[in-house]
Number of protein chains: 2
Amino acid sequence: MLVAERWQRIVQLVNERGSIRVTELSELCQVTEETIRRDLDRLESEGKLMRSHGGAVSVKEAQSEVPFLERETAHADFKSAIAKEAVSHIREGDRIILDASTTAWYMAKLIPDMQLTILTNSMKVALEVSGKEKIQVISTGGLLSPKSLSYVGPLAERSLDMYHVHKLFLSCKGVHIQRGISESNELQALIKRKMISIADETYLLADHSKFGMQSLTQVAAWPEIKHVITDGLTNKEDVERIREKGVHVIQLDKE
Amino acid sequence: MLVAERWQRIVQLVNERGSIRVTELSELCQVTEETIRRDLDRLESEGKLMRSHGGAVSVKEAQSEVPFLERETAHADFKSAIAKEAVSHIREGDRIILDASTTAWYMAKLIPDMQLTILTNSMKVALEVSGKEKIQVISTGGLLSPKSLSYVGPLAERSLDMYHVHKLFLSCKGVHIQRGISESNELQALIKRKMISIADETYLLADHSKFGMQSLTQVAAWPEIKHVITDGLTNKEDVERIREKGVHVIQLDKE
DNA sequence: CTTCTTTTAATCAAAGATAAACAAAGACAA
DNA sequence: TTGTCTTTGTTTATCTTTGATTAAAAGAAG
């Protein structure tokens, strides 16, 4: 039997059974366990399977082993980099708003434990910062939106009315050079408009995928947004045109 | 069975059940408890689960800071039984309040998916019922109390002001035959008073350990409480005296 | 707070699995 | 053919995993 054939057979067997022992493969392929081990090492380095003491497990099986917290990995690196930059704009003593976006959630994870008041409509953000002793967390209540675990509706808006903050860190669905930012959900748009109205300064957190998109509901025009933080893949011309509107745009380096 | 397979199985079981004991895993996987402990240590260091005395908790459960395996302790059994009885008083279409107590959290777990509006100041309760499609969840916002993950303060009270509910399920720190119910925390007491004022009927959920205790702040006198649900260990005389005040007391059987 | 029980961590020995070194066999090109 | 390279098997030393035993720690109960 050809070597390549054996490799193929091993991968197939592992995938069929989910897992298999070296001993068994040795018998099935009629080669010594040593050879099987060498095959497995090689196949693992090619990502075809995962090694385990005594045998191998299929990649698929091994992946389902990590079903915990959080699905979104797309753009995660960009979001996380943007979040990091945004966090560096927070000062001791600030009162800030974090919205219910993934980027805000990353921010919540990154914020150091310092004297700070955080107002949010996101349950995930609230949960994340609740462990930090010096941070005071205020949650708008409201109707709980089950998918995003965020609060919306009239109660959320009225809650915001009671406060005033220094900085707002906001995300959106679409960023348009002329028209400003937009949101796909009417309820979310209302909340975001309210947030902008009670904040001194608004930081828009938007990765490159948001640019050029326009969504259902307009949230704000450019003069209302003071800062934009975006990643290195955003079109430089777009960035320049937004700067011409008087917005302070921070573009991160590529990678 | 391959080690990796066992690890997968353990992670899966932990995630399905939220928590699991070493003993059970040992039986299910047919290895000694020692081995399971070593597996758990390893899986914990990989972030796949969280270790706890006697077993393991899924990462998700652990985030909601639930005292692990509390359900298996004596007190928890009472609380769970009381919660079960309380849930049976909920009707399709009801608007109800669940407070931020452990018992309310048990209720949240037990409530079937039916057309219902739940108003709560507990993040844990909100999280728990957020998965149920037919249930509308409204959270009072407010200042987040990190230990209990509940909302308190003026914003929470004002939020409650906007609503009216049919039934309130309430717990407390102390139940006094003459003076009614009390709470150790002033902020919590204010919230609870407000809750009582916007509810048609109040169900007090109190296990036997609460009786005879009197805490700092008075929350309500007897006429305001319409129903009391307690367990079988509560002094029968106490129960009788409370009934004389015109309160409908449901005492569960022992066990 | 103290006692009693359960759970854990540490250590050891045995079984099993692995990696490293080396030799043998086969493939292939000059 | 010869020399080199790859693949495979063999041997041996090493590392991992496991269960058993025991002392210490943590929790529950009174």
Side-chain angles (χ1 to χ4, degrees), chain A residues 1-11 13-14 17 19-46 48-57 62 65, chain B residues 1-11 13-14 17 19-46 48-57 61-62 65-81 102 207-213 231-235 254-255:
Chain A
M1 192 201 271
L2 226 52
V3 201
E5 277 184 85
R6 195 178 62 230
W7 291 344
Q8 210 178 318
R9 185 148 177 232
I10 290 173
V11 173
L13 280 163
V14 169
R17 322 254 282 250
S19 70
I20 197 161
R21 327 195 104 257
V22 170
T23 323
E24 196 172 359
L25 283 170
S26 163
E27 282 164 21
L28 288 168
C29 298
Q30 290 292 312
V31 289
T32 55
E33 301 192 354
E34 273 321 298
T35 306
I36 293 295
R37 273 188 206 99
R38 281 189 274 243
D39 289 345
L40 294 183
D41 287 348
R42 175 152 194 167
L43 292 169
E44 182 179 40
S45 74
E46 290 174 16
K48 305 258 171 64
L49 47 76
M50 295 205 73
R51 201 61 222 289
S52 150
H53 201 79
V57 274
E65 186 184 309
Chain B
M1 191 200 244
L2 229 47
V3 266
E5 283 183 272
R6 195 178 59 231
W7 294 341
Q8 274 170 227
R9 186 147 176 232
I10 291 173
V11 172
L13 282 163
V14 168
R17 323 253 282 248
S19 70
I20 196 162
R21 321 196 106 259
V22 170
T23 322
E24 195 173 359
L25 283 170
S26 163
E27 282 164 19
L28 288 169
C29 298
Q30 291 290 310
V31 288
T32 55
E33 301 191 356
E34 280 319 302
T35 305
I36 293 295
R37 274 189 205 102
R38 281 187 276 243
D39 288 345
L40 294 183
D41 288 348
R42 175 156 194 164
L43 292 168
E44 181 179 40
S45 73
E46 291 174 17
K48 306 261 169 64
L49 47 76
M50 300 213 71
R51 199 61 221 291
S52 139
H53 202 83
V57 229
E61 288 284 322
E65 281 183 30
V66 179
F68 172 57
L69 294 177
E70 194 184 359
R71 71 199 69 182
E72 288 174 36
T73 71
H75 261 346
D77 279 348
F78 294 129
K79 283 181 177 168
S80 169
T102 316
D207 64 72
H208 63 275
S209 70
K210 305 291 172 58
F211 285 76
M213 305 273 291
D231 61 68
L233 292 189
T234 307
N235 190 310
K254 284 187 187 181
E255 289 305 274

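Note that the coordinates shown come from a computational prediction; the quantities given were computed from them, not determined experimentally. Chain letters run A, B, ... following the sequence lines, proteins first, then strands; residues in each count from 1.
Contact annotation: A:R6 reaches the phosphate of D:dT8 (side-chain N/O to OP1 or OP2, under 4.0 Å). Within the structure, every side-chain polar atom (N or O) of B:R21 is placed at least 4.0 Å from both OP1 and OP2 of C:dT6.
Relative to the axis of its first five pairs, the axis of the last five pairs of the helix from C:dC1-D:dG30 to C:dA30-D:dT1 sits at 50°, rounded to 10 degrees.
Annotation: salt bridge (Lys or Arg N to Asp or Glu O under 4.0 Å) contacts of A:E27 (sequence neighbours excluded): none. Applying the side-chain hydrogen bond (donor to acceptor under 3.5 Å, both in side chains) test to A:E46 and every residue at least two apart in sequence or in another chain returns A:K48. For B:E34, the side-chain hydrogen bond (donor to acceptor under 3.5 Å, both in side chains) partners at least two apart in sequence or on another chain are B:R37. B:D231 meets the salt bridge (Lys or Arg N to Asp or Glu O under 4.0 Å) test with no other residue; sequence neighbours excluded.
Minimum interatomic distance between A:R9 and A:L28 (heavy atoms only, all atoms of both residues): NH1-O, 3.2 Å.
DNA chain D lies under 4.0 Å from at least one heavy atom of each of the following residues of residues 31-42 of chain A: A:V31, A:T32, A:E34, A:T35, A:R38.
Once rounded to the nearest 0.5 Å, the distance linking CG of B:L40 with CG of B:L25 reads 6.0 Å.
A donor-acceptor contact closer than 3.5 angstrom links the side chains of A:T32 and A:T35.
If you check every strand for non-hydrogen atoms under 4.0 Å, A:S52 touches sugar and phosphate atoms only.
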